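Residue numbering restarts at 1 for every chain, and letters A, B, ... go by the order of the sequence lines. Just so it is clear, the model here is predicted, and its values are computed rather than measured.
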2 protein chains.
Amino acid sequence: MPPAKFDREQVLRSAMNTFVQKGYSKTSMQDLTKSTGLHPGSIYCAFENKRGLLLAALAQYKQDSELKFEGHFSQEVAVLDSLKQYLDAIVLDCADKEGNKACLLTRALTEIADQDVEIKSVISDSLYDWQKAFQNQFEMAIEAKELSSECDISHMSRYLSMGIYGLRTFAQTNTTQAVLQELADQLFNDIKRLTLSH
Amino acid sequence: MPPAKFDREQVLRSAMNTFVQKGYSKTSMQDLTKSTGLHPGSIYCAFENKRGLLLAALAQYKQDSELKFEGHFSQEVAVLDSLKQYLDAIVLDCADKEGNKACLLTRALTEIADQDVEIKSVISDSLYDWQKAFQNQFEMAIEAKELSSECDISHMSRYLSMGIYGLRTFAQTNTTQAVLQELADQLFNDIKRLTLSH
DNA sequence: CTATATCTTGAATAAACATTCAAAATATAC
DNA sequence: GTATATTTTGAATGTTTATTCAAGATATAG
């Protein structure tokens, strides 16, 4: 009984890319067989169907994002410094990327939201976890006396999420890295101000 | 030679709704014949094809948006007061609406961007005009000595656009009107601060 | 080496889709 | 009232789509 011959993570990353670039609906099975190198039957054997492959890709995306997140936010560095770096990385990501600047989660959420309740809630949960990850960092900074305990950290993390959504959408209209950087810096300043107003 | 029997604007508004709700790809011709009440042939006669109908709907959406915009920003009221009302209206729109909270322009931009250069540039132009409309309002406020002439009005209008993109995306994840209002208020405060820092 | 359970292959299938078209309807022009 | 140009109609068309499946390949177990 042979185990799957293909590298699951690699296949999921290829699928992820195709889904982000073309969108779920416009991604045909043919696109997926091309990008993953798998034959239709193999995909159906491993992931049940196109929807199952999307769900698996979403899970992989979440895992990859969390690793990236942890890479940026370490305990040794001040939260605000880590946040600045995190935002700068998003700016670079948007400026570098040729195709679609959206993240898989928001793109799929907007596209599928009202046609598939389960997928909607999977994505909403992931986005909420991401927002909570910011909040945790702020929380830890308060415990380390780095931020005032008066900070409304849930408001801050929501506003931060909103800002990043906006930044990525703004990046869709042809714009320069300099402009994106200005916007990211402004967002950073506004978050920073929320930590200082006590 | 009979003119078209149907009401063009009404047809386009129906098509607009269907496109926003289901997305361009997932909107079938059958969906469109149902929502517009037109038979396939009539749609092809009047708009050439599905893509043509989208382009016409985008143009109608732009016109409708501009009317709404002018309804909010009148010369008699202070810009910041008008802006507050404008943002509050967006919050209400997101809270009321059952289905998709995105605006047609951003939704179609994210979906189609890299598969149709012409549509991408039509939408980008519309979004840029919208951003410029904010900038014009700020400009007029400077001329009326209502705002300092030191204000970086293009930066302000870009940041405002970004914030609204973010707000609408945030609204896609199930959230309450109260939370959206907090975010809109925060955005308003941050824009306001940009007018005062001189 | 043989048996077996699993995976791979890719052509076949059936449904959904955008689009076409010829016939019928209809409003204006003269 | 007749002619004419345009729109409306909806069934037919051909393509694209996700999905299936039976035959073949392959790695482990005994």
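- What separates CD1 of I43(B) from P of dG10(D) is a distance of 13 Å, to the nearest Å.
- The interatomic distance linking K34(B) (NZ) with dC17(C) (P) rounds to 10 Å, in whole Å.
- For F134(A) and F138(A), the distance between ring centers is not under 6.0 angstrom.
- A cation-pi geometry, defined here as NZ or CZ lying under 6.0 Å from the six-membered ring centre and within 45° of its normal, holds between K50(A) and Y24(A).
- Phosphate proximity of dT20(D) to Y44(A): absent, as no side-chain N or O sits under 4.0 Å from OP1 or OP2.
- Summarising the geometry, the separation between CD on Q30(A) and P on dA11(C) is reported as 12 Å, rounded to the nearest angstrom.
- Classification of K84(B) and D81(B) as a salt-bridged pair fails, no side-chain N sitting under 4.0 Å from a carboxylate O.
- Atom NE2 in H39(B) sits about 12 Å away from atom P in dT26(C), given to the nearest Å.
- When each of N49(A) and G37(B) is assigned the nucleotide of DNA chain D with its nearest heavy atom, G37(B) is the one assigned upstream, toward the 5' end.
- Remark: K120(A) NZ is packed, more than 12 non-hydrogen atoms of other residues, nucleotides or ligands lying under 6.0 Å away.
- Nucleic acid contact for S25(A): none, since no nucleic acid atom lies under 4.0 Å from a heavy atom of the residue.
- Straight-line distance from the CD atom of E48(B) to the C1' atom of dA18(C): 13 Å, rounded to whole Å.
- For C45(A), the listed nucleotide lying nearest its side chain is dC7(C); candidates were dG10(C), dC7(C), dT19(C).
- Using a 4.0 Å heavy-atom distance criterion, S42(B) is classed as a base contact.
- Using cut-offs of 30° and 60° on the angle between ring planes, the pair Y86(B) and H72(B) is perpendicular.
- Across dC17(C), dT20(D), dA18(D), the shortest atom-to-atom separation from the side chain of P40(A) is found for dT20(D).
- Between the CG atom of L38(B) and the C1' atom of dA18(C) there is a distance of 16 Å, given to the nearest Å.
- To the nearest angstrom, P of dT19(C) lies 12 Å from CG of L54(B).
- Positionally, the nearest nucleotide of DNA chain C for K50(B) lies more toward the 5' end than for the other of G41(B) and K50(B).
- In this structure, of dT17(D), dA18(C), dT9(D), it is dA18(C) that holds the atom nearest to the side chain of M29(B).
- Protein atom CG of L53(A) is 13 Å distant from nucleotide atom C1' of dA18(D), rounded to whole Å.
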